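Report on the following structure.
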Amino acid sequence: MNDGWTAYGVTLHSRLLLGTALYPSLEVMGRAVEASGAEVITVALRRQAPGSGGGRSFWDYVKGLGRRLLPNTAGCHSAREAVALAHMARELFETNWIKLEVIGDDYNLQPDPWGTVEAAAELVEAGFAVFPYCTDDLVFCKRLLEVGCQVLMPWGAPIGTGRGLLNPYALATLRERLPDVPLVVDAGLGRPSHAAMAMELGATAVLLNTAVARAGDPVAMARAFRHAVAAGREAFEAGIMPERQTASPSTPVAGTPFWHGEGRG
C-alpha cells in the first residue's frame with residue numbers, strides 16, 4: 001500500500017481504517033492497531049461515559065496510540081444529536097474530522113438519508129471534515145457531495161453482521177459514477193476476502209471494527225486484513241480481466257501438434 005490517497009487535504013498511505021470498540025482489552029486493541037498498519041482509528045463518544053474514569057482512561061489510551069483520530073457520532077438518531085456530539089468530539093479530541101452517523105432504523109442500523117444530509121450540511125458549514133456513513137445508493141451519495149462532503153463511507157452490509165458485500169454492483173457503480181471521490185467501504189465486512197473484494201471493485205479504503213475485535217486472535221486478524229487490503233488494491237490497479245459468459249481456452253490452438261496417428265493414409 002505504497003500509493004497514497006487524500007482525505008480533506010491529508011495524505012494517507014494505509015487504506016485500512018480501524019475501530020477501537022469491542023476488544024477484549026486495551027492492550028489487545030493497541031497491538032491490533034499496530035498490526036493493521038492503520039493510520040486512522042475511530043472512536044465513539046457514546047461508547048464511553050464522559051464523566052467516568054474508565055471513559056477518560058480509554059480516551060487517553062487511544063490518543064497515545066499516535067494515530068489520526070476519527071471520532072464518530074454512533075448512537076445518534078437525529079441530525080440534532082449528531083451535530084451536538086460532533087462539536088463535543090472536536091473539543092475533546094482537537095480535530096475537525098468527524099465520522100457522521102445518523103441511524104434511521106434500529107434493526108439493521110441503516111443510516112437515515114435525510115438526517116445524514118441535514119447534519120452533514122450543518123457540520124460542513126461549521127468547518128468540519130465530514131466522513132458520512134451512508135448506504136450504497138447513488139442519489140444519497142450525490143446529495144452528500146452537494147452539501148460539501150469530500151469523502152463517502154458506503155456500507156458493505158449492516159453494521160456488525162460480517163456478511164461482506166451484499167451489493168457489489170452498487171459499489172462498482174459508485175466507483176464508476178464518482179471516479180474521483182474517496183470511497184471508504186464501512187460496515188458489514190467479516191473476512192479479509194471481503195475487504196479484498198471491496199478494494200478490487202475500486203474502493204479507496206475500508207473501515208473495520210467487529211471483524212478484528214471479535215476474532216479469535218484480533219492481532220493476527222488485523223494483520224490478515226492489512227495484507228488483504230493491499231492485495232485487493234494491487235489487483236485493482238493491475239486491471240482485472242473481464243468476466244465472460246462462456247469458456248475461453250487459455251492455451252492457443254495455433255501451433256498445437258497433431259496426434260501422431262492423424263494424417264496417415
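This structure is a prediction, so every number in the text was calculated from the model and none was measured.
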Margin query: Parallel, tilted or perpendicular, judged at 30° and 60°: which one describes the rings of Tyr133 and Trp155?
Written below: perpendicular

Notebook entry, point to check: Minimum heavy-atom separation for Gly30 to Tyr61, with atom names?
Noted result: CA-OH, 3.6 Å

Check: When hydrophobic residues are tied together by side-chain contacts of less than 4.5 Å, even through go-betweens, does Val151 share a cluster with Val206?
Finding: no

Check: What is the distance from atom CG of Leu201 to atom OH of Tyr169, rounded to the nearest 0.5 Å?
Finding: 12.5 Å

Margin query: Strictly below 4.0 Å, N to O, side chains only: are Arg31 and Glu34 in salt-bridge contact?
Written below: no

Note to self: Test of understanding: clusters of I, L, V, M, F, W, Y form through side-chain heavy atoms closer than 4.5 Å, transitively. Do Val184 and Trp97 belong to the same one?
What the structure shows: yes

Margin query: Are more than 12 heavy atoms, taken from residues, nucleotides or ligands other than Gln110, located less than 6.0 Å from that residue's CD atom?
Written below: yes

Margin query: For a quick test of reading the model, state the closest non-hydrogen atom pair linking Pro218 to Ala32 and the distance between them.
Written below: O-CB, 4.1 Å

Check: Do Leu69 and Trp59 belong to the same hydrophobic cluster, where Ile, Leu, Val, Met, Phe, Trp and Tyr are linked whenever their side-chain heavy atoms lie under 4.5 Å apart, directly or via other members?
Finding: yes

Notebook entry, point to check: About how many Å separate NZ of Lys63 and CZ of Phe93, when rounded to the nearest 0.5 Å?
Noted result: 6.0 Å

Note to self: Please report the interatomic distance CG(Leu138) to CG(Leu178), rounded to the nearest 0.5 Å.
What the structure shows: 6.0 Å

Next item on the list: Determine whether Pro182 and Leu152 make a side-chain contact, defined as any pair of heavy atoms from C-beta on separated by less than 4.5 Å.
Entry: no

Item checked: Residue pair Met29 / Val62, side-chain heavy-atom distance below 4.5 Å -> yes

Check: Would Phe131 end up clustered with Leu45 when hydrophobic side chains under 4.5 Å apart are linked, directly or stepwise?
Finding: no

Notebook entry, point to check: Do side-chain atoms of His227 reach the backbone of Ala224 as a donor and acceptor pair under 3.5 angstrom?
Noted result: no

Checklist line | Test item: His194 and Phe225 side chains (from C-beta on) under 4.5 Å apart, heavy atoms | finding: no

Notebook entry, point to check: Within a strict 4.5 Å, meaning less than it, do heavy atoms of the Met197 and Pro168 side chains meet?
Noted result: yes

Check: If you link I, L, V, M, F, W and Y whenever their side-chain heavy atoms are under 4.5 Å apart, who else ends up in the same group as Ile240?
Finding: none

Next item on the list: Give every residue pair that meets the salt bridge (Lys or Arg N to Asp or Glu O under 4.0 Å) criterion with at least one member in residues 168-183, sequence neighbours excluded.
Entry: none

Margin query: Using the rule side chain to side chain donor-acceptor pair (under 3.5 Å), only one of Thr73, Asp186, Thr42 pairs with Lys99; which is it?
Written below: Asp186

Note to self: Suppose the criterion is salt bridge (Lys or Arg N to Asp or Glu O under 4.0 Å): which pairs have a residue in residues 194-222, not counting sequence neighbours?
What the structure shows: none

Next item on the list: State, with a plain yes or no, whether a side-chain heavy atom of Leu174 is found less than 4.5 Å away from one of Cys141.
Entry: yes

Check: Parallel, tilted or perpendicular for Phe128 and His87, by the 30°/60° rule?
Finding: perpendicular

Item checked: Spacing of CG belonging to Leu100 relative to SG belonging to Cys134, to within rounding of 0.5 Å -> 9.5 Å

Check: With respect to Val40, which candidate in Leu70, Leu16, Leu18 satisfies the side chain to side chain contact (heavy atoms under 4.5 Å, CB included) definition?
Finding: Leu70

Next item on the list: Determine, for Glu237 against Arg233, whether the closest basic-nitrogen to carboxylate-oxygen distance falls under 4.0 angstrom.
Entry: yes

Check: Does any pair with a residue in residues 105-124 pass salt bridge (Lys or Arg N to Asp or Glu O under 4.0 Å), and if so which ones, sequence neighbours excluded?
Finding: none

Item checked: Glu125: salt bridge (charged side-chain N to carboxylate O under 4.0 Å, His left out) partners, not counting sequence neighbours -> none

Checklist line | Interatomic spacing from CG in Asn72 to CG in Leu207 - rounded to 0.5 Å | finding: 8.5 Å

Note to self: How long is the straight-line distance from CG of Leu165 back to CG of Leu189, given to the nearest 0.5 Å?
What the structure shows: 6.0 Å

Checklist line | Hydrophobic cluster partners of Tyr107 (side-chain heavy atoms under 4.5 Å) | finding: none

